[in-house]
Peer 1: 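My structure is below; once you've seen it, I'll send some questions.
As the structure is a computational prediction, the values presented were derived from the model and not from experiment.
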Amino acid sequence: MKKKAAEKAKPAKRSQAAKDPNKPMRPPSSFFDFMEEFMKTFKEKNYNNKSVYVVGKTGGDKWKILSEAKKAPNVAKANKIKSEYNSKMNAYNKKQVNTIAIYEEILK
């Protein structure tokens, strides 16, 4: 016996949780720091090129062939930004825990 379309239950779609505007944004990696600089120089030399693919592919290839010594400034900058992000996240998480504790006290 075939079931009617109305009888077939489809699972309800989940809505995405609202993002907290106070939560710190994740820092870019050393590669993205490199790409920011690379895109500026690439666009100056190749101002007629409008393709994002070409810029990304060329930047990725150049990043792969760079030595660790030449990557070091980007890695150091990324590590510095990441440590700042970690401290901001620790403060944010402590604030969240305190907020939850306050609400639990109110509910008691």
Side-chain angles (χ1 to χ4, degrees):
M1 184 184 324
K2 293 184 178 180
K3 292 185 179 181
K4 294 181 181 177
E7 292 177 9
K8 292 183 180 178
K10 292 185 179 180
K13 291 185 179 180
R14 288 190 201 176
S15 62
Q16 289 185 346
K19 293 185 179 183
D20 186 357
N22 297 324
K23 186 174 182 180
M25 289 181 59
R26 289 187 69 185
S29 66
S30 55
F31 171 72
F32 285 104
D33 181 50
F34 166 78
M35 281 301 292
E36 185 177 333
E37 297 167 7
F38 176 78
M39 284 170 54
K40 290 176 186 174
T41 58
F42 187 84
K43 286 184 178 183
E44 287 174 2
K45 293 177 183 175
N46 305 313
Y47 54 87
N48 289 333
N49 185 8
K50 303 287 184 196
S51 174
V52 175
Y53 171 79
V54 173
V55 176
K57 182 71 174 162
T58 309
D61 292 342
K62 187 170 181 180
W63 178 257
K64 286 179 186 176
I65 61 172
L66 279 179
S67 66
E68 293 298 320
K70 291 191 178 187
K71 289 181 183 179
N74 299 99
V75 173
K77 184 177 177 184
N79 287 337
K80 180 182 175 191
I81 295 171
K82 187 175 181 179
S83 67
E84 291 172 4
Y85 166 78
N86 287 336
S87 64
K88 287 179 184 177
M89 275 304 292
N90 288 336
Y92 173 80
N93 288 333
K94 286 179 185 176
K95 184 178 178 184
Q96 293 297 97
V97 169
N98 290 340
T99 305
I100 292 170
I102 291 170
Y103 284 129
E104 287 175 351
E105 282 293 319
I106 292 171
L107 294 175
K108 286 184 181 179

Peer 1: Does atom OH (Tyr85) have a neighbourhood of more than 12 heavy atoms from anything else shown, all under 6.0 Å?
Peer 2: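 Yes, because the 6.0 Å sphere around OH of Tyr85 holds more than 12 heavy atoms from other groups.
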
Peer 1: State the NZ-CG distance between Lys94 and Asn90, to the nearest 0.5 angstrom.
Peer 2: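 Interatomic distance, Lys94 NZ to Asn90 CG, rounded to 0.5 Å: 6.5 Å.
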
Peer 1: Looking at every heavy atom in both Met39 and Val55, which two are closest together, and how far apart are they?
Peer 2: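 What the structure gives for the nearest pair is CG-CG1, 3.6 Å.
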
Peer 1: Does the side chain of Arg26 come within less than 4.5 Å of Lys82's, by heavy atoms?
Peer 2: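 Of all side-chain heavy-atom pairs linking Arg26 with Lys82, none is under 4.5 Å.
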
Peer 1: Say you draw a straight line from OG of Ser83 to NZ of Lys88; how long is it, rounded to the nearest 0.5 Å?
Peer 2: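 Reported value, rounded in 0.5 Å steps: 10.5 Å.
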
Peer 1: Taking all atoms of both residues into account, what is the closest heavy-atom pair of Pro27 and Ile81, and its distance?
Peer 2: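 So the two residues come closest at CB-CG2, 3.4 Å.
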
Peer 1: Can you confirm whether more than 12 heavy atoms, excluding those of Gln96, are under 6.0 Å from its CD atom?
Peer 2: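 Counting neighbours around CD of Gln96, more than 12 heavy atoms of other residues, nucleotides or ligands fall under 6.0 Å, so yes.
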
Peer 1: Counting only N and O atoms by type, is there a donor-acceptor contact under 3.5 Å from the side chain of Thr41 to the main-chain atoms of Phe38?
Peer 2: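 Yes, Thr41 side chain to Phe38 backbone: donor-acceptor pair under 3.5 Å.
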
Peer 1: Do Asn93 and Met89 come within less than 4.5 Å of each other through their side chains, counting heavy atoms only?
Peer 2: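 Heavy-atom side-chain distance check passes, below 4.5 Å.
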
Peer 1: Would you say Lys77 and Lys80 make side-chain contact, with heavy atoms under 4.5 Å?
Peer 2: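 Sidechains of Lys80 and Lys77: no contact.
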
Peer 1: May I ask whether Tyr53 and Trp63 are part of the same hydrophobic cluster, defined by side-chain heavy atoms of I, L, V, M, F, W, Y residues being less than 4.5 angstrom apart, directly or through others?
Peer 2: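 Tyr53 clusters together with Trp63.
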
Peer 1: What is the minimum heavy-atom distance between Ala78 and Ser29, and which atoms define it?
Peer 2: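 Heavy-atom minimum between the residues: CB-C, 4.0 Å.
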
Peer 1: At their closest point, which heavy atom of Lys71 faces which heavy atom of Leu66, and how far apart are they?
Peer 2: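 Closest approach of Lys71 to Leu66: CE-O, 3.5 Å.
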
Peer 1: Hey, can you tell me if Phe34 and Phe31 have their rings parallel, tilted or perpendicular (30° and 60° cut-offs)?
Peer 2: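 Tilted.
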
